[in-house]
Amino acid sequence: MLTGQDGMEIACLCVTNRKLCRGDFLERIRRIASRETDRESGMTADAIVLREKDLPEEDYFFLAEKVMNICEDFSMPCILHTFYRAARQLGCRRIHLPLCVFEQMEPDMGFDVIGTSIHSTEQAEQAVLLGAGYVTAGHVFETDCKKGLPGRGLAFVQEVVQAVDIPVYGIGGICAANAPDVVRAGASGVCVMSGFMNEKIFEA
């Protein structure tokens with residue numbers, strides 16, 4: 001959960017990026033999975049999305065295996081990303097896919113939950129037709145991960161929420177100050193990357 005500055009409790013997915021992580025990445029995962037937090041940040045993850053899609057699939061497989069083991073130790077839901085064949089081999093029942101990968105995924109892969117990333121209401125509607133269980137909609141606010149690109153804003157979140165009947169999670173530039181606004185726009189929760197990867201409280 002992420003606690004907004006107004007005290008609102010908000011469902012929060014941690015999206016990883018090992019390149020932003022200061023210190024050992026797996027130790028950071030362990031600290032997040034164990035739900036370590038402090039009063040200042042008010043932030044714990046409800047699930048960890050292992051996004052490291054820049055890795056070759058074989059390297060992702062071995063990293064995912066380690067991350068899944070850590071998450072299992074703390075009963076933290078782990079959602080793998082992009083590499084659905086590796087996820088199936090590892091027995092992971094949750095996967096998050098870029099929409100272009102989702103469209104080409106082999107049928108009947110046996111996942112309990114499939115999420116996908118969308119950037120328009122049309123993509124959100126396509127995700128529903130493909131059987132997505134949730135979508136991440138972004139980027140909502142300006143973020144260093146998308147330098148030079150303005151955020152799509154809260155109106156975009158509201159449009160997506162109104163267009164589909166599955167949970168919508170806002171992503172991009174989310175923090176305790178603006179997360180409540182994302183939920184008030186209709187989102188079921190938010191995704192946070194930099195806040196978890198850079199946050200000092202998770203350092204040894």
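Atom set for the values below is all heavy atoms of this structure, side chains included, hydrogens, waters and symmetry mates excluded. No experiment lies behind these values; they were computed from the predicted model shown.
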What are the two closest non-hydrogen atoms of Arg31 and Ser34, and how far apart are they?
O-OG, 2.9 Å

Say whether, by atom type as modelled, one donor and one acceptor occur between the side chain of Thr16 and the main chain of Arg51 under 3.5 angstrom.
yes

For the student: nearest non-hydrogen atoms of Leu2 and Ala176, plus distance
CD2-CA, 3.8 Å

Value for CG (Leu50) from CD1 (Ile95), rounded to nearest 0.5 Å, stands at 9.5 Å

Please confirm whether the backbone N or O of Arg22 pairs with a side-chain atom of Arg28, one donor and one acceptor, at under 3.5 Å?
yes

Closest non-hydrogen contact found for Cys92 with Cys78 is SG-O, 3.6 Å

How about Ile29 and Lys66: do any of their side-chain heavy atoms sit closer than 4.5 Å?
no

Check this for me: Glu57, atom CD, are more than 12 non-hydrogen atoms of other residues, nucleotides or ligands nearer than 6.0 Å?
yes

Please answer whether the main-chain N or O of Phe74 pairs with a side-chain N or O of Arg35 as donor and acceptor at a distance below 3.5 Å.
yes

Main-chain N/O of His81 paired with Tyr60 side-chain donor or acceptor, under 3.5 Å:
yes

Leu99 and Glu103, any side-chain heavy atoms less than 4.5 Å apart
yes

Chi angles and distances behind the side-chain contact (heavy atoms from CB on, under 4.5 Å) call for Leu154, Phe141
CA-CA 8 Å; Leu154 296 171; Phe141 303 111; 3.8 Å; yes

Counting C-beta onward and ignoring hydrogens, is there a side-chain heavy-atom pair between Glu9 and Thr3 closer than 4.5 Å?
yes

I'd like to know whether Met68 forms a side-chain contact (heavy atoms from CB on, under 4.5 Å) with Leu80, so could you lay out the CA-CA distance, the side-chain angles of the two residues, the decisive distance to 0.1 Å, and finally the verdict.
CA-CA 9 Å; Met68 286 177 63; Leu80 299 190; 3.9 Å; yes

Distance check, rounded to the nearest 0.5 Å: Ile48 atom CD1 versus Ile79 atom CD1?
9.5 Å

Glu58: which residues meet the side-chain hydrogen bond (donor to acceptor under 3.5 Å, both in side chains) condition with it, sequence neighbours left out?
none

Nearest atoms (heavy-atom pairs only) where Val15 meets Cys191:
CG2-CB, 3.9 Å

Can you check whether Gly110's main-chain N or O pairs, donor with acceptor, with Arg93's side chain at less than 3.5 Å?
yes

Measuring from atom NZ of Lys19 to atom CE of Met197, what distance do you get when rounded to the nearest 0.5 angstrom?
14.0 Å

How far apart are the C-alpha atoms of Glu27 and Ile70, what are their side-chain angles, what is the distance that settles it, and do they pass the side-chain contact (heavy atoms from CB on, under 4.5 Å) test?
CA-CA 9 Å; Glu27 175 59 19; Ile70 293 170; over 6 Å; no

For the CD atom of Glu159 and the CZ atom of Arg152, what is their distance to the nearest 0.5 Å?
11.5 Å

Value rounded to 0.5 Å, distance of CZ in Phe25 from CG in Asn17
8.0 Å

Assess the residue pair Met105 and Ile114 against the criterion (side-chain contact (heavy atoms from CB on, under 4.5 Å)); give the C-alpha distance rounded to whole Å, side-chain angles, the decisive distance to 0.1 Å, and a yes or no.
CA-CA 11 Å; Met105 189 179 75; Ile114 301 176; 3.6 Å; yes

Please examine the side chains of Val128 and Val135, heavy atoms only from C-beta on, and report whether any two atoms are closer than 4.5 Å.
no

Could you check whether any side-chain N or O of Thr44 sits under 3.5 Å from a backbone N or O of Met1, counting only pairs where one atom can act as donor and the other as acceptor?
yes

Note: Asp54-Arg18 ion pair, threshold 4.0 Å (strictly below):
yes

Assess the residue pair Tyr134 and His96 against the criterion (ring-ring contact (aromatic ring centres under 6.0 Å, His included)); give the C-alpha distance rounded to whole Å, side-chain angles, the decisive distance to 0.1 Å, and a yes or no.
CA-CA 9 Å; Tyr134 71 90; His96 187 96; 5.6 Å; yes

Do you know the tightest heavy-atom contact between Phe111 and Ala87?
CE2-CB, 3.8 Å

Gly133 and Ile166 have their tightest heavy-atom pair at O-CB, 3.8 Å

Looking at Leu97, is its backbone amide N or carbonyl O close enough to the side chain of Thr116 to form a donor-acceptor pair, meaning the two atoms are under 3.5 Å apart?
yes

Looking only at atom types and distance, does a side-chain atom of Asn178 sit under 3.5 Å from a main-chain N or O of Gly173, one as donor and one as acceptor?
yes

dist Glu125:CD -> Thr121:OG1 (nearest 0.5 Å) comes out at 5.5 Å

Donor-acceptor pair, Asp46 side chain versus Leu13 backbone, under 3.5 Å?
no

